[in-house]
Structures are given as C-alpha cells and as structure tokens.
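I'd like to ask some things about the structure below.
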There are 2 protein chains.
Amino acid sequence: MFNPQKQAEEMIRRCGERVTTGRIQVLAILLAEQRAVTHHEIEKRLSDKPRLNRVTLYRVLEWLNEKCFVHKVVGDDRIWHFRANSPTTYHQHAHFECMRCTRVVCLDDMKAEYDSPLPAGYQSREIELRVKGLCAECA
Amino acid sequence: MFNPQKQAEEMIRRCGERVTTGRIQVLAILLAEQRAVTHHEIEKRLSDKPRLNRVTLYRVLEWLNEKCFVHKVVGDDRIWHFRANSPTTYHQHAHFECMRCTRVVCLDDMKAEYDSPLPAGYQSREIELRVKGLCAECA
DNA sequence: ATATTAAATGCAACTATGTTGCAATACTAA
DNA sequence: TTAGTATTGCAACATAGTTGCATTTAATAT
Ligand SMILES: [Mn+2]
Ligand SMILES: [Mn+2]
Ligand SMILES: [Zn+2]
Ligand SMILES: [Zn+2]
C-alpha cells in the first residue's frame, strides 16, 4: 500500500527538522509523480482550502532540495523541474526533455559518463546527460 | 590573420539574408570568444555610440541560432549562453558549467552518447552532456 | 542616383520565474 | 502551557526574455 502522504511525513520526521503540512504535501506530490514537475504544476496539485503561498512553495522546494529529498533540473524552458530522489539517484544523472511539451523525465537507469579529459584545472562534481527529442505523446 | 568582423560579415553575406551591422557585430563578438556568453556579456562588449537595443540583441541572437551560426545552452543560472558554432559542432555536444561563477565552456572534443534505451515511443534528436564543477579560476 | 518594399530596429509595455524583508504564525521542546 | 525559533504570508522587487507597433534601413528595381 503506497501512501505518499504518510511516507512523506515519515521521511521529514526522521530527518529531525520541522514537520510542516506544506513540506509534507509537496513531498507527497513529488513522491507520487514519475516526471520532474515545475513549481506551477505542483501549485495546481496542491489541495485548495488555505492553499500554500507561492513564495512558501518556492522555499519548501529549496528546502527539500537542500535536504536531498528531491533534485532539480532546468530545461530549455528555463524553468526548474523537481523530482523526488530515489535511493539510486546519484550525482550522475540522465534526463529526457521533450522539445515540444517541455516535459522532463528522469532516465534513472541511464548512467552519465565522460571519456575525454577536462581542460587543465577544471574539477568535475556532477555529470548530467540530457537527451532532447519528442516524448511518446508528442512524437 | 583572424579578423572576426570580416569573417562574420562574410558568413552572413554568404547565407543570402540581410547583412546588418547588428548581426555582424554580434557574430564577430561570438567568433572572438571561446566560452559561451550571455546576452548581458555580449551587450557589454558591444561598441557604444548608438548601442544595439537590447530587444534587437535578443532578436539577433535568436536569428543567429536559427541560421545555425551559433548554438545556445541554458545553465543552472537559467540564462541562455551563446557560442559560435565551429564546423565540428554537432547535435552531440558537451558543456562544462562552473557551479561558482556560472561560466559555460563548450567541451568540443568530448562526445555525448548514451547506451540504455529510451522509454517506449520516445525519440532522440539531440544529446547534451553537462559536466558541472569548478572552473580553473574558481577551483 | 532614386524610389520601392520588405525586413530589421527601437521603444514602451508586458509576462513569467524566482527573490527579499518583515511582521504574523505555528512547531517543538521545556 | 509557555517561550523561543523556524516557517509562513504578503507586498514589493529583480531580472530574463517577449510582444505590438511605428520608424528606419538594406536590398532591389527603376
Ligand atoms: Mn532526475
Ligand atoms: Mn557548446
Ligand atoms: Zn512531449
Ligand atoms: Zn568558475
């Protein structure tokens, strides 16, 4: 039984920092999503009533990123896309980006590597492989 | 004798479209630069007098991109970086991005490839490899 | 050289994503 | 329950990039 809400709360509680409804809601949304989604898409998925303020959502996303619950990718639309981290998510990461609908999908199985050396004095910290093209719906 | 101004004019003239001082100036700046540079950086390099309008600069850059005289990359700063295309520039491309100064460098020798298959129905058009870390000056 | 015409430019206003300062609120631990 | 601190909401801001429209300019025809 996969309960994103429960799981999100558990994850945040376990990390020892403050457990707020905003953080739980947002992480739950991301856990339930396979794609990397934007601030705007998350905002639409948030239950109404007293909806989370958009500035707070930005801050929650930044916090989730710092705590390594999620990672973020910028697409050619110049918008951050957020995705919950799976245990396998590492500093070598591949993404697919649809050139038509701007959807971003994490290619979790694909590993990013490089062969040639970097210019002298350059240090590598993260490697990201980006495949651009058309997603199944847009092809 | 490498004369960017002359070369830029020649390239634009040869493509059969309108030759304007703006297009020449901007392409010349990009031909003389090894890094991928932003709109803002290009603006600063433009000779004053009646400086090219910033909207026009955006349109010139877009035009140069469409005509394949340049390509553009978005970095984690969410800003477009432009670089003149060399003959070897292809749809498989690698970039280094400094996590501190946001400098973007095209790794022309490095080739981007992937091994695992894409999700069903997905089509690849371009592959980009992004190495993030610290540049020689920031390391 | 001059007139003609379509494309490129400048300007003002606009959109969108994301940020900052500060007062009000809500977690957490005593 | 209370106190102290982290989080939230709000308003205002910053900045990259876009759009509509009137004006100018490059290329072509006369
Ligand atoms: Mn990812
Ligand atoms: Mn490049
Ligand atoms: Zn698509
Ligand atoms: Zn640097």
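Proteins get letters first, then strands, A, B, ... in listed order; numbering begins at 1 in each. Computation of the quantities below employed the complete heavy-atom set of this structure, encompassing side-chain atoms and omitting hydrogens, waters and symmetry-equivalent molecules.
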Which of these nucleotides, D:dA16, C:dG10, D:dA26, is closest to any side-chain atom of A:R78?
->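 Of the options given, the side chain of A:R78 lies nearest D:dA16.
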By nearest nucleotide on DNA chain C, pick out whichever of B:T21 and B:V55 is the more 5' one.
->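 Here B:T21 is the residue nearer the 5' end.
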Is a donor-acceptor pair below 3.5 Å formed from side chain A:R23 to base D:dT7, judging by atom type as modelled?
->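 Donor-acceptor pair under 3.5 Å: no.
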Candidate nucleotides D:dA27, D:dG9, C:dT17, ranked by approach to the side chain of A:L52 - the nearest |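 Nucleotide nearest to A:L52's side chain: D:dG9.
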Taking CD from A:E62 and C1' from D:dA6, how many angstroms apart are they, rounded to a whole number?
->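 After rounding, the gap between these two atoms is 16 Å.
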Out of D:dG17, D:dT25, C:dA26, whichever nucleotide has its closest atom nearest the side chain of B:Y58 =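 Closest nucleotide to the B:Y58 side chain: D:dG17.
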Grab the NE2-P distance between B:H81 and D:dG17 for me, whole Å please.
->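 Interatomic distance, NE2 of B:H81 to P of D:dG17: 9 Å.
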Contact class for A:T20 vs. all strands (heavy atom < 4.0 Å): base, sugar-phosphate, or nothing?
->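 Sugar-phosphate contact only.
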Crowding at CZ, A:R100 (>12 non-hydrogen neighbours, <6.0 Å) |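 Count not over threshold, so no.
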In whole angstrom, what separates B:I42's CD1 from D:dA16's P?
->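 In whole Å, D:dA16 P and B:I42 CD1 are 13 Å from each other.
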Just compare C:dG18, C:dT28, C:dA8 and give me whichever is closest to any side-chain atom of A:R54.
->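 Within the option list, the nearest is C:dG18.
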Is the closest basic N to carboxylate O distance between A:E9 and A:R13 below 4.0 Å?
->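 Yes, this pair counts.
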With nearest nucleotides of DNA chain D determined for B:D77 and B:G16 from heavy-atom distances, which residue corresponds to the more 5′ nucleotide?
->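 Whichever sits nearer the 5' end wins; that is B:D77.
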Using the rule that two of Ile, Leu, Val, Met, Phe, Trp, Tyr join whenever any of their side-chain heavy atoms come within less than 4.5 Å, decide whether A:V73 and B:L129 are in one cluster.
->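 No, it is not one cluster - the side chains of A:V73 and B:L129 are not joined through contacts under 4.5 Å.
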What nucleotide, of D:dG9, C:dA8, D:dT8, holds the atom closest to the side chain of A:V60?
->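 For A:V60, the side-chain atoms sit closest to D:dT8.
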Name the nucleic acid region contacted by A:R59, choosing base, sugar-phosphate or nothing; use a 4.0 angstrom heavy-atom cut-off, strictly under.
->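 Touches a base.
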Side chain of A:I79: nearest nucleotide among D:dG17, D:dT7, C:dT17?
->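 Closest nucleotide to the A:I79 side chain: C:dT17.
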Quick one: is B:N53 getting a side-chain N or O under 4.0 Å of the C:dT9 phosphate, OP1 or OP2?
->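 Result: no.
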Tell me, yes or no, whether the heavy-atom count around B:K132 atom NZ, taken from other residues, nucleotides or ligands under 6.0 Å, exceeds 12.
->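 Atom NZ in B:K132 is packed in, count exceeds 12.
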Calculate the interatomic distance between B:R18 atom CZ and C:dT9 atom C1'; express it in whole Å.
->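 The distance from CZ of B:R18 to C1' of C:dT9 comes to 11 Å, rounded to the nearest Å.
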Output yes when a side-chain donor or acceptor of B:R23 lies under 3.5 Å from a complementary backbone atom of B:V60, and no otherwise.
->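 No, B:R23 side chain to B:V60 backbone: no donor-acceptor pair under 3.5 Å.
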Whole angstrom is fine here: how far is it from CD in A:Q25 over to P in C:dA26?
->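 After rounding, the reported distance stands at 15 Å.
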Spacing of A:L64 atom CG relative to D:dT8 atom C1', expressed in whole Å |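 The distance from CG of A:L64 to C1' of D:dT8 comes to 15 Å, rounded to the nearest Å.
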A:L57 CG to D:dT7 P, straight-line distance once rounded to whole Å |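 So the two atoms are 15 Å apart, to the nearest Å.
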Got a sec: does the CD of A:E137 have more than 12 other heavy atoms crowding it under 6.0 Å?
->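 Atom CD in A:E137 is not packed in, count stays at 12 or less.
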Take atom CZ of A:R51 and atom P of D:dC10, then tell me their distance rounded to the nearest Å.
->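 The distance from CZ of A:R51 to P of D:dC10 comes to 13 Å, rounded to the nearest Å.
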Please determine, for the side chain of B:T56, which listed nucleotide (C:dG18, D:dA16, C:dT9) has the closest atom?
->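 Taking heavy atoms from C-beta onward, the closest nucleotide is C:dT9.
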